[in-house]
Amino acid sequence: MRKTCLDQVYELAKKDPRIFFVGSDLGYETLKQFKNEMPGRFFMEGVSEANLVGISAGMAMEGKIVYANTIATFLSRRCFEQIVLDMALHHANVRLIANGGGVVYAPLGPTHLAIDDLAILRAVPNMTIVAPCDADEMKRLMPLTVDHQGPMYIRIAKGGDPIVSSDRIPFKIGKALGLREGKDALIVTTGITLGLALKAAEILSKEGIEAAILHMPTVKPLDHKTLLNYVHQTSVVVAIEEHSVIGGLGSAVAEAILEANFDTVKNFKRIGIPDVFPEGYGTQDDLMKKYGITAENLCAVIKQLRDLKITV
């Protein structure tokens, strides 16, 4: 996914002289052609991420479209003030390419796990947040980022993730993608959790439970209209994400459902990382299994919610 994203930056830059790239000791090999062919629009500022954002914002205010790349935790945590004051406040056209969203960097421990990046940046006015599920979806996204107005956070997964997306529904920033219909439950996904949802839906279908899947590659702005149309058709809703249950996709979905004031009860659950710093080292899969971000747990939660009786 990351290679596809950076390759697209290069291809887009060849066609549009407004496009600049600013990196932070990342992307040398992938963007070697960019550097060789367009050296005046390629910068590596070193390990100084706040400066990365400041430089990018300054270029954007001069009419450039800037793609800035570094590790997700460094962008969302270390550069927060620069993102707010230099980028978002000025509606600057900077696209933050964030490597290692979620628990990709599990071997490096909790300091490198971007489990709160969506929550942090959802609170920033003018910020658009996207989390594609695979390389194909990333390829459909990137051309749309060129003329998008304002700052954008692009969450990058591990790479080599299975291709699970479909191009049968036109991709548009800010729009949800309904990938499966079903009246018994609704699964809302973003990023790589779409693959888990598709697997879970197949398992449930064999047991006579038909789950709809609504994929949200854009976490902000959230497509409330499509979401609520899907929620209206069922009583069971589960949001699953590779992120803390606080402040991410699940929180956004919960807020939308609560404020819609449905006249029927909706049994809702967020699946994600609980309010903890993830413990232990290992692989991305290890940590996702530890915290129940799996197709199997998704099936179990849906069954529990269907059996849940609530009296009002």
Side-chain angles (χ1 to χ4, degrees), residues 1-23 27 30-31 33-35 37-38 40-43 52-70 72 75 79 82-99 101 117-118 121-122 124-156 165-177 190-191 215-226:
M1 187 187 294
R2 177 172 173 261
K3 185 178 186 304
T4 298
C5 180
L6 295 181
D7 284 346
Q8 283 285 295
V9 173
Y10 164 68
E11 294 296 336
L12 294 167
K14 287 195 298 182
K15 303 173 185 176
D16 193 328
R18 298 174 300 167
I19 294 177
F20 281 61
F21 175 83
V22 186
T30 303
L31 286 174
Q33 285 181 289
F34 193 129
K35 181 181 180 181
E37 296 174 21
M38 297 168 280
R41 293 191 274 145
F42 180 94
F43 298 89
L52 165 79
V53 173
I55 289 172
S56 300
M59 288 181 177
M61 281 187 258
E62 291 297 320
K64 316 303 182 186
I65 299 168
V66 187
Y67 291 80
N69 177 220
T70 192
L75 282 174
C79 304
Q82 286 73 30
I83 287 174
V84 172
L85 299 183
D86 295 347
M87 281 177 50
L89 183 62
H90 300 284
H91 211 61
N93 291 329
V94 179
R95 289 74 176 97
L96 299 171
I97 300 173
N99 292 1
D117 55 332
L118 303 182
L121 294 173
R122 273 187 68 222
V124 179
N126 298 328
M127 182 63 67
T128 296
I129 302 172
V130 290
C133 64
D134 59 30
D136 282 4
E137 190 164 78
M138 179 66 75
K139 196 168 185 178
R140 290 189 284 274
L141 160 70
M142 290 304 291
L144 304 180
T145 66
V146 176
D147 291 319
H148 182 81
Q149 294 302 301
M152 178 181 295
Y153 182 80
I154 303 172
R155 199 184 207 225
I156 306 288
S165 65
S166 169
D167 61 0
R168 64 181 176 84
I169 303 173
F171 189 96
K172 187 175 181 181
I173 295 169
K175 292 297 182 182
L177 305 177
T190 193
H215 179 48
M216 296 279 199
T218 307
V219 177
K220 184 185 178 184
L222 198 73
D223 185 353
H224 285 78
K225 181 178 179 180
T226 304

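Keep in mind it's a predicted model, so treat the numbers as computed, not measured.
No close placement of the F21 and Y67 rings is indicated, their centers lying 6.0 Å or farther apart.
In this structure a side-chain-to-backbone donor-acceptor pair under 3.5 Å is present from R41 to I19. When atom types are taken as modelled, the side chain of E137 and the backbone of A135 share no donor-acceptor pair closer than 3.5 angstrom. For R95 (side chain) and T145 (main-chain N/O), a donor-acceptor pair under 3.5 Å exists by modelled atom type. Side-chain N or O atoms of R122 include none that pairs as donor or acceptor with a backbone N or O of V219 at under 3.5 Å. Distance alone, capped at 3.5 Å, places no donor-acceptor pair between the N99 side chain and the A72 backbone. Under the 3.5 Å distance criterion, the side-chain polar atoms of T218 are left unmatched by any main-chain donor or acceptor of I173.
Residues A68 and V94 share a closest heavy-atom pair of CB-CG1, 4.4 Å. Annotation for P132 and L141: closest pair CG-CD2, 3.6 Å, computed over non-hydrogen atoms. For D223 against M216, the heavy-atom pair with the smallest separation is O-CE, 4.0 Å. Between L52 and N69 the shortest heavy-atom distance is CD2-O, 4.2 Å. The minimum heavy-atom distance between M142 and I154, with the atom names listed, is SD-CD1, 4.1 Å. Nearest heavy-atom pair, A60 versus V66, reported as atom, atom and distance to 0.1 Å: N-CG2, 3.9 Å.
Under 3.5 Å, the side chains of D134 and S165 contain a donor-acceptor pair of N or O atoms.
A 6.0 Å sphere centred on NZ of K14 holds more than 12 heavy atoms belonging to other residues, nucleotides or ligands. Surrounding NZ of K139 are at most 12 heavy atoms belonging to other residues, nucleotides or ligands under 6.0 Å away.
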